[in-house]
*Asks:* 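My questions will all concern the structure given below.
Just so we're clear, the structure is a prediction, and the values are computed from it rather than from any experiment.
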Amino acid sequence: MKPTDTPSRRFLHRIVVITISLCAFVAGRAQINTDQVMNVGRNAMYFEDYVLAIQYFNQVVNAKPELARPYLYRAIAKFNLDDFRGAEADATAAIERHPFITDAWEVRGVARQQLGNFAGAVDDYTEALRLLPHNRQISFNLATAQTEAGMYDRADSTFAELIKSYPGYENALLGRARLRLLQADTVAATQDARAALRLNHNSFNAHAMLADLAMRGNKPEVDSAMVHINAAIKLQPHFAGLYVNRAFLKYRSNDWFGAMDDYDYALQLEPLNRMALFNRGLLEMEVSAFDKALVDMDRVLAMDPDDIRARYNRAVIYANKKDYRKAIEDLDKLFEVYPEFPNLYLMRSEWYRSLGKTRLAMADYDKGMALRAKLKPQNVPVADDGTPGKKGNGGNGTGTGNDAGKEPSPAEELMSQRQFAQLLTIDDNTDFREEYNNTSIRGRVQDRNVTISPEPIVEISFYSSPTEVRQNTYYIKGVNDLNATRALRMLLVVTPHAPQLNDENLIQKHFKSIEYYNSYIATHKPRAVDYIGRAMDLITVRDYVPAVADLDRALALTPDFAVAYLLRAQANHHLLSTFGNDDATPGHNDARSREIQRRNLEDAIIADLDRAIELAPSDAFAWYNKGCALLERGDMDNAYNAFTKALELKPDFGEAYFNRGYVSLSSGSRAKGISDLSRAGELGIVAAYNLMKRLGSM
């Protein structure tokens, strides 16, 4: 007997069919989504949003770690961010999963070349050529890697084969020209560079190399060098090194103002170009613009405190400004490098004499004269000031490293001050880059000028500031349980970047909430959650002292409330950050009193975090915040251990990787620091790439 086909049965049948269809759709969707997410990541790479792309590839890696392609694409993204160590690691993972992907060998080769592992790069390019024989770009990279590895015979052979296979390939000729320079064969290098220029009259590298070649030797070919350097500047007008060298040529042609203009423009292009800063400082000294020169030398020494040329010239500047104490401080640093430099003793003798320190002046004078007699070469005429050179020629003017007729002996070097007052030039302004088959290499967030500082504490807040890369909210069980009670007027979130509240309406909303709690607590028996609610509103409007008082009351009622300890540590941390602002510092008096209060606050923060850890030992964020507090206190060892514990509990904690890397770098552990920064960047901490770029470490 056929069942009756009622509407209810038809409805039930439809529900079953829809449910089965949905299950089939969801079951098939996992594979589709993996491909789709990878495509979205590749699209993000195309638009140069590499940090976002990495997040998509992370998802694919987590879902299907057996696939090679997501590792390869993530390696390319990291390469674009100058995270060469991370790129090498991911390319290796791709090769382990699929050793026949040519791009993986190529990416790892380029990354290794950037890391200075030239022998490893040679091996990778060789394997890539085995898979893709006679490829022009890979062959060129192989030849340059062989050159940098010192495999000159092999490089020469690779270049010869490349030029034979691609006779119109100018970069092969220029690459071989560089090899000839390393072999000290400037004639052959010049021939190859000119041959490249004949192939392409607009070759930047050919013009730059011919300019560099013309500037070599004891007597630079100023006119020839100027022709080629002007041509190179027309082709790449934003290349700072060209202006540094052209300034040198202009100075040699007695065009002082032209030289200064070029140094100024080079510094507009690269504000941290040490050579341009140093050279401009020398020219400023030459016209007695000592205040300007001091600024430039200060900037050079801020970037490299061991720059002895800048240290010497700053000492001279201080002496000309009659600041002999600072001049002597700088000169003392030079004695660490040149303990038997006679003229340094004679200079310091004069400065001690100007300070009225006669005994010290006489001691330095005697020491300097004794060393001069001992080191004075027999075959070098001595100028009036004791500097090697022609008699009567003071020898203190700005010169160049190309002026000397021969390589100075150690004695001559120690006798000469001109080594410190020479304009510097860049030996190689060519812009060779590894040539890459995969066109996905572009985009550089690491070049953004951001302030580098540790990542902040993770906060409990009413608001978060998600980005396209990261949602910026985390999970703490105690916070989730508190939200589940619905006892607070707003839900809480856990975020490492709580936004500042600038909306006037929202601010007023929290002030009204505070008034509500005031009224409620005054007329009801208060609960711990009421004090926590009011404390959260007070923290939101940045009124930390009463917020701490409310959290004290909450903990008096519920001493085992882990979230309250986290909140009190957070409020005190903010209070600590305002320390030094007398209006925000409670009970401020003299400096000693404030320092005691600061120490007490630091102790209170760490004590609260320790108590939160005791109550919830698996809370990675309590450990992380403790690490931040210890880092701010300068306790690097314990901070490192706290961040390590946080990472044991939460292995994908980007901020903890960044801060642990920051601690390692601050403690001198460069390799460990770079490794952690690479992982932090992979997890979406963009500042990690900028810091690695500044370190020049990849």
*Asks:* Take D306 and K333 through the test salt bridge (Lys or Arg N to Asp or Glu O under 4.0 Å) and record every step on the way to the result.
*Replies:* CA-CA 9 Å; D306 296 326; K333 293 283 187 181; over 6 Å; no
*Asks:* Looking only at heavy atoms, what is the nearest atom pair of T158 and A143, with distance?
*Replies:* CG2-CB, 3.7 Å
*Asks:* With side chains defined as the heavy atoms from C-beta onward, is the minimum distance between L301 and R314 less than 4.5 Å?
*Replies:* yes
*Asks:* How close do R246 and I229 get, heavy atom to heavy atom, and via which atoms?
*Replies:* N-CD1, 3.6 Å
*Asks:* Would you say E161 has more than 12 foreign heavy atoms packed within less than 6.0 Å of its CD?
*Replies:* no
*Asks:* I'd like to know if the side chain of S203 reaches the main chain of A206, judged simply by a donor and an acceptor atom lying under 3.5 Å from each other, with no hydrogens or angles considered.
*Replies:* yes
*Asks:* So which heavy atom on H201 is nearest to which on H207, and how close?
*Replies:* O-NE2, 3.1 Å
*Asks:* Tell me whether N200 contacts the main-chain N or O of A196 through its side chain, where contact means a donor paired with an acceptor under 3.5 Å.
*Replies:* no
*Asks:* Are Y345 and F335 near enough that their ring centres are under 6.0 Å apart?
*Replies:* yes
*Asks:* Are Y125 and Q137 close enough, and set up right, to give a side-chain hydrogen bond (donor to acceptor under 3.5 Å, both in side chains), and what steps lead you there?
*Replies:* CA-CA 10 Å; Y125 293 140; Q137 287 80 10; over 6 Å; no
*Asks:* If we only count heavy atoms from C-beta on, is the K234 to N202 side-chain gap below 4.5 Å?
*Replies:* no
*Asks:* Minimum heavy-atom separation for D676 and Y657, please, with both atom names.
*Replies:* CB-O, 3.3 Å
*Asks:* So, are R325 and E329 salt-bridged, with charged N and O less than 4.0 Å apart?
*Replies:* no
*Asks:* Step through it carefully: locate the ring centre of F84, locate the ring centre of F79, and say whether they are under 6.0 Å apart.
*Replies:* yes
*Asks:* Give me the atom names and distance for the closest heavy-atom approach of S678 to G86.
*Replies:* OG-CA, 3.5 Å
*Asks:* Under 4.0 Å between a side-chain nitrogen and a carboxylate oxygen: does that hold for D261 and K250?
*Replies:* no
*Asks:* Determine whether a donor-acceptor pair (N or O, by modelled atom type, separation under 3.5 Å) exists between the side chain of R299 and the backbone of L294.
*Replies:* no
*Asks:* Side chains of R311 and P305: does their closest heavy-atom pair fall under 4.5 Å?
*Replies:* yes
*Asks:* Report yes if the side chains of N171 and L174 come closer than 4.5 Å at any heavy-atom pair, otherwise no.
*Replies:* yes
*Asks:* Would you call R74 and E682 a salt bridge, using N to O less than 4.0 angstrom?
*Replies:* yes
*Asks:* Quick one: are E350 and L346 in side-chain contact, heavy atoms under 4.5 Å?
*Replies:* no
*Asks:* Any chance the side chains of N659 and E455 put a donor and an acceptor closer than 3.5 Å?
*Replies:* no
*Asks:* Kindly indicate, with the supporting measurements, whether the criterion salt bridge (Lys or Arg N to Asp or Glu O under 4.0 Å) is fulfilled by R180 and D156.
*Replies:* CA-CA 9 Å; R180 298 289 185 246; D156 188 61; 2.8 Å; yes
*Asks:* Indicate the atoms forming the closest heavy-atom contact of F341 with L371, along with that distance.
*Replies:* N-CD1, 4.4 Å
*Asks:* Quick one: does P237's side chain get under 4.5 Å of Y243's, heavy atoms only?
*Replies:* yes
*Asks:* Under 3.5 Å, is there a donor on one side chain and an acceptor on the other for Q146 and S157?
*Replies:* no
*Asks:* Applying the side-chain contact (heavy atoms from CB on, under 4.5 Å) criterion to N273, which one of V300, L267, N279 satisfies it?
*Replies:* L267
*Asks:* Does a side-chain heavy-atom distance below 4.5 Å link H228 with L197?
*Replies:* yes
*Asks:* Show, in sequence, the C-alpha distance, side-chain angles and deciding distance for Y324 and Y352, and conclude whether the ring-ring contact (aromatic ring centres under 6.0 Å, His included) test is met.
*Replies:* CA-CA 8 Å; Y324 298 111; Y352 275 141; over 10 Å; no
*Asks:* Once side-chain hydrogen bond (donor to acceptor under 3.5 Å, both in side chains) is applied, do any residues pair with D255, and if so which ones, sequence neighbours excluded?
*Replies:* none
*Asks:* Do K321 and D291 pass the salt bridge (Lys or Arg N to Asp or Glu O under 4.0 Å) test, and can you show the C-alpha distance, the side-chain angles, and the key distance before you say yes or no?
*Replies:* CA-CA 8 Å; K321 290 168 63 67; D291 289 336; 2.4 Å; yes
*Asks:* Side-chain contact, heavy-atom cut-off 4.5 Å: L665 with L677?
*Replies:* yes
